[in-house]
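Please read the structure below before turning to the comments.
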Amino acid sequence: MDPSIRVAAIDAGSNALRLLVARAESPTEVTLLRSERYPVRLGHLAFTRNTLDKKTLSRAVKAFRHFREVMERYRVESSRAVATSAAREARNRRLLLDRIHRKAGIQLEVVDSAEEARLVRLAVFHALRNRVFPRLILDLGGGSLEVNLMRGATLEREAALPLGVVRLMETYRIEDSINVDEEEE
């Protein structure tokens, strides 16, 4: 009998939605099975008008329905879906959460900046396999910059700043500098 489990992680960021599906043999032994990215750009209007528009909502639901199909195909047993700064700042985030749950059967959780930074720290330490302990971990996203000052594996200080690629483009009306359908994050 195979002792592994299939797990999935969804990151609903301000710039793109990402799905990772993996087989976990143990908490430290994980094999990536599938990775997908959809450039939905939840941050569009979220930072300048504090809302998610109809087109953005529709694109997000479509991506989440596809993610559900992929998760079913890989027989995912456990998953977590988190949304970051764009959803935190959108007044109508409840509409996004409800539609995704209703249409895709996925419970999307809006995480605060401290939880977002914690998840990034876990990913960095896992990737480095505890061989190297960075003094500083920065996570620049579409809507925010999380700064983690470390001493070994211990967090000394953290800060979340309202800086991000999508936020700056929307705030300063920089258009077509990054094509939403072709960009690499």
Side-chain angles (χ1 to χ4, degrees), residues 2 4-47 52-90 93 95-111 115-128 138-144 146 164-167 169-170 176-185:
D2 184 8
S4 67
I5 65 168
R6 306 278 173 111
V7 295
I10 299 173
D11 175 11
S14 301
N15 198 36
L17 306 181
R18 294 181 179 273
L19 166 71
L20 296 178
V21 176
R23 182 179 56 248
E25 308 290 338
S26 73
T28 58
E29 196 176 336
V30 179
T31 304
L32 182 64
L33 302 174
R34 180 83 175 234
S35 175
E36 294 201 12
R37 178 182 180 281
Y38 278 79
V40 171
R41 194 167 284 174
L42 287 177
H44 176 64
L45 301 180
F47 305 119
L52 301 167
D53 69 353
K54 288 180 182 182
K55 183 178 178 183
T56 301
L57 287 167
S58 177
R59 290 179 72 180
V61 168
K62 181 179 178 182
F64 270 85
R65 289 175 72 178
H66 175 72
F67 289 167
R68 167 55 65 199
E69 291 170 5
V70 171
M71 290 166 56
E72 287 173 357
R73 193 173 326 127
Y74 280 90
R75 298 183 314 279
V76 168
E77 299 169 57
S78 181
S79 65
R80 184 173 186 198
V82 298
T84 57
S85 60
R88 282 195 297 266
E89 295 188 29
R93 70 181 153 274
L95 185 58
L96 172 72
L97 303 178
D98 291 345
R99 281 191 185 167
I100 287 171
H101 188 259
R102 190 175 68 250
K103 304 254 183 182
I106 295 173
Q107 189 70 47
L108 180 60
E109 168 191 2
V110 179
V111 295
E115 176 65 359
E116 183 177 358
R118 185 187 76 81
L119 293 171
V120 168
R121 288 192 306 272
L122 287 173
V124 167
F125 288 133
H126 177 76
L128 296 174
L138 303 171
D139 176 31
L140 177 62
S144 63
E146 277 71 41
V165 177
V166 175
R167 181 187 300 272
M169 287 178 62
E170 294 269 328
D176 297 328
S177 295
I178 299 175
N179 181 316
V180 73
D181 293 322
E182 296 176 0
E183 67 198 4
E184 286 298 320
E185 193 173 354

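Here, residue 1 is the first one in the sequence, and each next residue gets the next number. Reckoned from all heavy atoms, side chains included, excluding hydrogens, waters and symmetry mates.
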Q | Heavy-atom pair with the smallest gap, counting every atom of Ala60 and Leu96 | A | CB-CD1, 3.9 Å

Q. What are the two closest heavy atoms between Gly164 and Leu140, and how far apart are they?
A. CA-CD1, 4.0 Å

Q: Considering non-hydrogen atoms only, spot the tightest contact between Val40 and Ala63 and give its length.
A: CG2-CB, 4.3 Å

Q) Below 4.5 Å, heavy atoms only, C-beta onward: do His66 and Tyr38 meet side chain to side chain? A) yes

Q | Closest heavy-atom pair and its distance - Phe47, Gly143 | A | CZ-CA, 3.4 Å

Q: List for me each residue that meets salt bridge (charged side-chain N to carboxylate O under 4.0 Å, His left out) alongside Arg34, sequence neighbours excluded, and say none if there are none.
A: Glu36

Q) Mind checking what makes side-chain hydrogen bond (donor to acceptor under 3.5 Å, both in side chains) contact with Arg68, not counting sequence neighbours? A) none

Q) How about Asp11 and Thr84: do any of their side-chain heavy atoms sit closer than 4.5 Å? A) yes

Q | Side-chain heavy-atom pair Val166, His44 within 4.5 angstrom cut-off | A | no

Q) Does the side chain of Leu32 reach to within under 4.5 Å of the side chain of Val21, using non-hydrogen atoms? A) no

Q) Atom CZ of Phe64 and atom CD1 of Ile100: how far apart are they, to the nearest 0.5 Å? A) 4.0 Å

**Q.** Separation between CG of Leu42 and OG of Ser85, rounded to the nearest 0.5 Å
**A.** 9.5 Å

Q.
Can a donor-acceptor pair be found, under 3.5 Å and without considering hydrogens, that links the side chain of Arg88 to the backbone of Val110?
A. no

**Q.** Atom pair CG (Asp53) and OG (Ser58), whose distance is rounded to the nearest 0.5 Å
**A.** 10.0 Å

Q | Audit row: Asn15, Val165, side chain to side chain contact (heavy atoms under 4.5 Å, CB included) steps and yes/no | A | CA-CA 8 Å; Asn15 198 36; Val165 177; 5.9 Å; no

Q | Heavy-atom pair of closest approach, residues Ala83 and Leu108 | A | N-CD1, 3.8 Å

Q. Between Glu116 and Arg118, is the closest basic N to carboxylate O distance under 4.0 Å?
A. no

Q) Sub-3.5 Å donor-acceptor pair from the side chain of Ser14 to the main-chain atoms of Ala86, do we have one? A) yes

Q) Leu95 versus Leu52: any side-chain heavy-atom pair under 4.5 Å? A) no

Q. How far apart are the C-alpha atoms of Val7 and Val76, what are their side-chain angles, what is the distance that settles it, and do they pass the side chain to side chain contact (heavy atoms under 4.5 Å, CB included) test?
A. CA-CA 5 Å; Val7 295; Val76 168; 5.5 Å; no

Q: Measure the shortest side-chain to side-chain distance between Met71 and Ile10 over non-hydrogen atoms and say whether it is less than 4.5 angstrom.
A: yes

Q.
As an exercise, state the distance from CD of Glu69 to OH of Tyr74, rounded to the nearest 0.5 Å.
A. 13.5 Å

Q: Considering only NZ, NE, NH1 and NH2 on the basic side and carboxylate oxygens on the acidic side, decide whether Arg80 and Glu115 come within less than 4.0 Å.
A: yes

**Q.** Step-by-step salt bridge (Lys or Arg N to Asp or Glu O under 4.0 Å) determination, Glu25 to Arg23
**A.** CA-CA 6 Å; Glu25 308 290 338; Arg23 182 179 56 248; 2.9 Å; yes

Q: Apply side chain to side chain contact (heavy atoms under 4.5 Å, CB included) to Arg121 and Glu146, showing your working.
A: CA-CA 10 Å; Arg121 288 192 306 272; Glu146 277 71 41; over 6 Å; no

Q: Check whether any side-chain heavy atom of Glu170 sits under 4.5 Å from a side-chain heavy atom of Leu45, and report yes or no.
A: yes

Q: For the pair Glu89 and Arg167, find out whether any cationic side-chain nitrogen is under 4.0 Å from an anionic carboxylate oxygen.
A: yes

Q | Pair Glu72-Val70, side chain to side chain contact (heavy atoms under 4.5 Å, CB included): steps then yes or no | A | CA-CA 5 Å; Glu72 287 173 357; Val70 171; over 6 Å; no

Q: Rounded to the nearest 0.5 Å, what's the gap from CZ on Arg6 to OG1 on Thr31? Could you check?
A: 10.0 Å

**Q.** Pairwise side-chain contact, Lys62 with Leu57, heavy-atom cut-off 4.5 Å (strictly under)
**A.** no

Q: Please say whether more than 12 non-hydrogen atoms of neighbouring residues, nucleotides or ligands are located less than 6.0 Å from CZ in Arg73.
A: yes

